[in-house]
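Right, one structure below, let's go through it.
Computation of the quantities below employed the complete heavy-atom set of this structure, encompassing side-chain atoms and omitting hydrogens, waters and symmetry-equivalent molecules.
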Amino acid sequence: MHCNAHRLSGALAVLLLAAAAALQPAQAQEHPGMQLSEDVQQMIENSRAANAWWSVIVTDTTGRVLESYYPEKLMRPASNLKLLSTAAALDQLGPDYRFETRVWGIGHQQDSTWMGDLVVEGRGDPTISGLFYDEHRFHVFEKFYSTLDSLGIRRIRGNLVGNDAYFERQVYPKGWSWEDLTYYYGVEISALSFNNNAVDLQVFADRPVGEKPRIQWFPFDTDYVTFVNEQVITPPDTEFDEFYRRELGTNIITLGSKVPRNHYEEESLAVHNASLYFMDTFLEYLRDGGMTVDGRMILEHQPRDFEGDTYTLLTRHRSPPLRLILQETNKESNNFYMEMLMKTMAAERYDEQGSTELGLGLIENFAHEMGMDTTRVELTDAAGMSPATLLTAEDLNRLLVGMQSHPHFDTWRNSLAIAGVDGSISHRFQGTPLAGNLRGKTGYVSGVRALSGYLEAASGRPLIFTMMTNHYTARTTYLDWLHERILRHWYEDY
């Protein structure tokens, strides 16, 4: 009896210990995937971000884990997702892929008049802006105009038609916050896109305190948007307090900033109905050049068979190659470029309207091919803005390891930002040994900070790392400092 009681009390003690362990914070329990050095563990657990969700992994180039801290935890990656999305787009389209935008004629030329319609066929080019053209934002429109002019066409006796049927009409991925849809990082995704689907506002606080600052905007101070200027100039020693808001479904943009006197501000603000914005601006450009359009401006969403005898190809524009476009996408973390690429890869693969659903399916297929556990990957966008998009640091690290054997690895790696040199980490790590020795991709949305990539340690040993922090309340600059401390530890110890 005494022996049985002893066994019972021993079993009860084991159960109580197990229950107590279960009540401990998750990051305090032992975990088979937790192989973090004591120094790095202390950095995290003694920091002001200790209560945040952390997921960290660093491996060698073979994928052998050197250190990890809950790498299997599902996390919001923010723009670290672009590592996967751009890799999938590169795999699908190839580094030499170029977008084409074409202008077709229906009818015939009679002297200096085109007797019939002109149709602009949009095929998803995100680069119709100044980025690749020495900041000449009308470069493509000028090219179209010059070709028509060289053909002797000065008048279009017909309609100017924009066809954006290359993409579906869902202009935002699911889950994007309505608050982001005012700004350049939350613009519409359209097969006809100009100037990143935004107007560029300039604010000049060169009037007396208490008055409204002057504003002007590109293109043409266009009346495609309506600015409600409720801004106020404040004393020079006050802080700039930014406020912009576009009413959803409209192009009415309220400006409510408090702007210190003599302050100058620039902001790119998203437009509604991006395809119509493209066509409205193109029509204005033609008219400014003295070209007459007699008919209406029409926007259509149904596919046309442009290969038939009905159409005459008058001019076309080809974008820079994908290898350069990826550098803008990853180095600068361009959401607009990424979502445009996702729909394009779907349109090219399936020869039908490019959709978010089809594009995400291709990205998930590629993730599976790269050894990622797609049962633990939740994708609702390609850029990482959606809070419903989740994956693990472990899987993202598998991608980084696996891409080394991809035939286009060098192109993809060159699209990553270099610490202290360019892109989203051009101002980080300056004056540290990490500068120039780290290529990576940042990620940021409210409460999420991530950094992943390739690091050459002081010993010359190449390392592959992923760090994701979710639900933090400390300042983002503090998180950046903490991430840098961890990276410097790896740099010095390996």
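Residues V199 and P219 form a side-chain contact, since some pair of their non-hydrogen atoms from C-beta on lies under 4.5 Å apart. A heavy-atom distance below 4.5 Å is not found between the side chains of F278 and N197. V421 is not listed as a side-chain neighbour of F429, based on a closest heavy-atom distance of 4.5 Å or more. You'll find the side chain of L84 reaches within 4.5 Å of the side chain of M372, heavy atoms only. Residues L118 and V293 are not in side-chain contact: their nearest non-hydrogen atoms beyond the backbone lie 4.5 Å or more apart. No side-chain heavy atom of R98 sits less than 4.5 Å from a side-chain heavy atom of L322. In this structure, the side chains of I325 and F99 come closer than 4.5 Å at one or more pairs of heavy atoms.
A salt bridge links E348 with R123: the closest approach of a Lys/Arg side-chain nitrogen to an acidic carboxylate oxygen falls below 4.0 angstrom. A salt bridge links K343 with E168: the distance from a Lys NZ or Arg NE/NH1/NH2 to an Asp or Glu carboxylate oxygen falls below 4.0 Å. By the 4.0 Å N-to-carboxylate-O rule, D410 lies too far from R413 to be salt-bridged with it. Salt-bridge check for D381 with K174: failed, with every basic side-chain N at 4.0 Å or more from each acidic carboxylate O.
Remark: L362 CG to Q92 CD distance equals 5.0 Å, nearest 0.5 Å. Rounding to the nearest 0.5 Å gives a distance of 7.0 Å between OG1 of T469 and CG of L482. Separating the CG atom in L399 from the CD atom in E394 is a distance of 13.5 Å, to the nearest 0.5 Å. Taking NE2 of H406 as the reference point, atom CG of D91 lies at 3.5 Å (rounded to 0.5 Å). Taking CD from Q327 and CG from L416, the interatomic distance works out to 9.5 Å, rounded to the nearest 0.5 Å. From T86, atom OG1 reaches atom NE2 of H408 across 13.0 Å, with rounding to the nearest 0.5 Å.
For S55 against P71, the heavy-atom pair with the smallest separation is OG-CA, 3.4 Å. Nearest heavy-atom pair across T442 and L451 is CG2-CD1, 3.9 Å. For E364 against T374, the heavy-atom pair with the smallest separation is O-CG2, 3.5 Å. The two residues I253 and A270 have their closest heavy-atom pair at CD1-O, 4.3 Å.
D164 pairs with exactly one of R169, H301, Q353 by the side chain to side chain donor-acceptor pair (under 3.5 Å) rule, that one being H301. When each of F220, F141, F138 is checked for a ring-ring contact (aromatic ring centres under 6.0 Å, His included) with F282, only F141 meets the rule.
Between F409 and W412, the ring-plane angle classifies as tilted under the 30° and 60° cut-offs. Taking the six-membered ring where tryptophan is involved, the planes of F194 and F218 are tilted, since the angle between them lies from 30° to 60°.
Judged by distance alone, with hydrogens and angles left aside, the side-chain atoms of S85 form no donor-acceptor pair with the main-chain N or O of K82 at under 3.5 Å. At distances below 3.5 Å, not a single donor-acceptor pair connects side-chain atoms of D395 with backbone N or O atoms of L391. Not a single donor-acceptor pair under 3.5 Å links the side chain of D117 to the backbone N or O of I106.
Donor-acceptor pairing under 3.5 Å is lacking for the side chains of N334 and T329. When only modelled atom types and interatomic distance are considered, S333 and K441 share a side-chain donor-acceptor pair under 3.5 Å. Counting only N and O atoms by type, the side chains of Y311 and E121 include no donor and acceptor under 3.5 Å apart.
Aromatic rings of W54 and Y69 (six-membered ring for Trp) have centroids beyond the 6.0 Å cut-off, not under it.
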